[in-house]
Amino acid sequence: MDSLISASARALAAGDPLGALKRVALRDDPPALALRGIAMAQLGEHPRARDLLRQAARAFGTHEAQARARCVVAEAEVALAMRDLGGSPRPLLEAADTLQAHGDTANATQARLIAARRLLRMGRLDEAAAAMDAMATAPTAGDLPPALRAMADLTLAELALRSLHIASASAALDRAQEAAEQAHVPALLAEVAQARAVLDQPAARRVGAGVDQPLRLSDVADLLASGALVVDACRRCVGVGGGPSTADAGVWQLLARRPILFALVCALAQAWPGDAEREALIAQVFRTRGPDDTHRARLRVEVGRLRALLRPLARIEATARGFALQPLDARPVVVLAPPIDGEQAALLALLSDGAAWSTSALALGTDASQRTVQRALAELEAQGRVRSIGRARAQRWLAPPLSGFTTILLLPAALPIA
């Protein structure tokens, strides 16, 4: 490796992409192409970075397996930054095994960390946690460079926050802060500060009986541990949680794919401890202002379905005016509302990170069909809340960042639901 390539690699490791490009910008040999691709990625030019890394991977010979594997890892990180969550993770994991076999522990760990972060973006928290546990128990886990340790601890912190393990998240952020200071990379320090700010921002609202109280993540965790019957409009579920730090995960019913039943339980919970009138329920659940006998019959059917689902948690009693929610064991009822209202809150939560998302990636992130996502994006674009760039397969969606609160509870699998 010549001196210019070495100097460019050191500049990239220190977070200086412009300094790296000064040394290799006019070169087109495989190592220079790879370094140029990484530099462009650090500058945010992700499409160009992907092209350069693919050129470098093709230019390296078959006898240079380690260099080709490094290009695969760098391209996977660019794809993650571009929110390109499709495709198989197998090439990335094969590259990690190749790097480990050649003794390149740092880049092998980086590859596995990218795979875990991809799972985290897709809401597959259990698989991401298993991947991070495997990395933590590796024999060389304590010998990683400070920058890589900071990224690993930031990933652990996000995983803990989305699982509402607040103490574990704070400890991981402390370790990330220490490692970022040792690495002397300003971008890492800024990322740690941004992650720490999430702890102090409102994440949800407690509504009902004329109350609209903002809650931080720690408040939400305490609420789940209180044993109350929680109707969670962030994840569209209802249940009793034993708390994220206890062995008992509670009993939860997911209603994300049953909007009528969820609207019904929300209306009953907001009327608790009283009852909800039939006409009000029909107007709120079926969105009609002229109820007739068919709507009343349909309401009785939906209440019957809801009774069957909530049997382990609560009863629904008929009253003279309508229906009332009666939790078992005289538990209190709490309605947890998202920090932003609307049917497309989960989409806005994903788009609020400032990255350009494709429709397919948003569908993976929200566990919805692409057609559903397309309809929601069209509505948001008509309201001026999102905008698109590019056309056809290259089309990407952007939204302005949401300030003053965190949307982490709106992300996939945010709550500890058994």
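Under the 3.5 Å distance criterion, the side-chain polar atoms of Arg315 are left unmatched by any main-chain donor or acceptor of Leu328. Under the 3.5 Å distance criterion, the side-chain polar atoms of Arg205 are matched with a main-chain donor or acceptor of Pro338. At least one donor-acceptor pair under 3.5 Å links the side chain of Arg149 to the backbone N or O of Leu144. No donor-acceptor pair closer than 3.5 Å links the side chain of Ser8 to the backbone N or O of Ile5. Without hydrogens or angle criteria, Ser163 side chain to His165 main chain gives no donor-acceptor distance under 3.5 Å. The backbone N or O of Gln284 lies less than 3.5 Å from no partner atom in the side chain of Arg287, so there is not a single donor-acceptor pair. Using modelled atom types, no side-chain atom of Arg23 and backbone atom of Leu4 make a donor-acceptor pair closer than 3.5 Å.
With a 4.5 Å cut-off on side-chain heavy atoms, Leu21 and Leu43 count as touching. Counting heavy atoms from C-beta outward, Arg216 and Val220 have side chains that stay 4.5 Å or more apart.
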- request: Tell me, with the steps shown, if Asp84 and Arg50 meet side-chain contact (heavy atoms from CB on, under 4.5 Å).
  value: CA-CA 12 Å; Asp84 185 359; Arg50 173 180 276 184; 3.1 Å; yes
Stepwise side-chain contact (heavy atoms from CB on, under 4.5 Å) test for Ile316 and Val265: CA-CA 10 Å; Ile316 300 178; Val265 74; over 6 Å; no
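A salt bridge between Asp28 and Arg36 is absent, with no side-chain N of the basic residue lying under 4.0 Å from a carboxylate O of the acidic one. The pair Arg124-Glu127 meets the salt-bridge criterion, with a side-chain N (NZ, NE, NH1 or NH2) lying under 4.0 Å from an Asp/Glu carboxylate O. A salt bridge links Glu75 to Arg54: at least one charged side-chain nitrogen sits closer than 4.0 Å to a carboxylate oxygen. Taking a cutoff of 4.0 Å between a charged side-chain nitrogen and a carboxylate oxygen, Arg206 and Asp212 do not qualify as a salt bridge. Arg305 has a carboxylate O that lies under 4.0 Å from a charged side-chain N of Glu302, or vice versa, which qualifies the two as a salt bridge. Glu379 and Arg385 are not joined by a salt bridge, as no carboxylate oxygen comes within less than 4.0 angstrom of a charged side-chain nitrogen. Look at Lys22 and Asp16 and you find no salt bridge, because none of the NZ, NE, NH1 or NH2 atoms lies under 4.0 Å from a carboxylate O. Classification of Arg121 and Glu158 as a salt-bridged pair holds, one side-chain N sitting under 4.0 Å from a carboxylate O.
Taking CD1 of Ile282 as the start and CD of Glu277 as the end, the distance is 11.0 Å to the nearest 0.5 Å. Here the CH2 atom belonging to Trp397 is positioned 6.5 Å from the OG1 atom belonging to Thr359, to the nearest 0.5 angstrom.
With respect to Val251, the side chain to side chain contact (heavy atoms under 4.5 Å, CB included) criterion is satisfied by exactly one of Leu313, Val240, Leu310, Val238: Leu313.
The two residues Met151 and Leu113 come nearest to each other via the heavy atoms CB-CD2, 3.7 Å. Across all non-hydrogen atoms, the minimal contact from Gln42 to Leu12 is NE2-O, 3.3 Å. In plain terms, the two heavy atoms of Leu154 and Leu173 that are nearest each other are CD2-CD2, 4.1 Å.
More than 12 heavy atoms of other residues, nucleotides or ligands lie within 6.0 Å of CD in Gln383, so this atom counts as buried by the packing criterion. Counting non-hydrogen atoms of neighbouring residues, nucleotides and ligands closer than 6.0 angstrom, the CG atom of Leu26 reaches no more than 12 such neighbours.
Residues Thr372 and Ser369 bring a donor and an acceptor atom of their side chains to less than 3.5 Å of each other.
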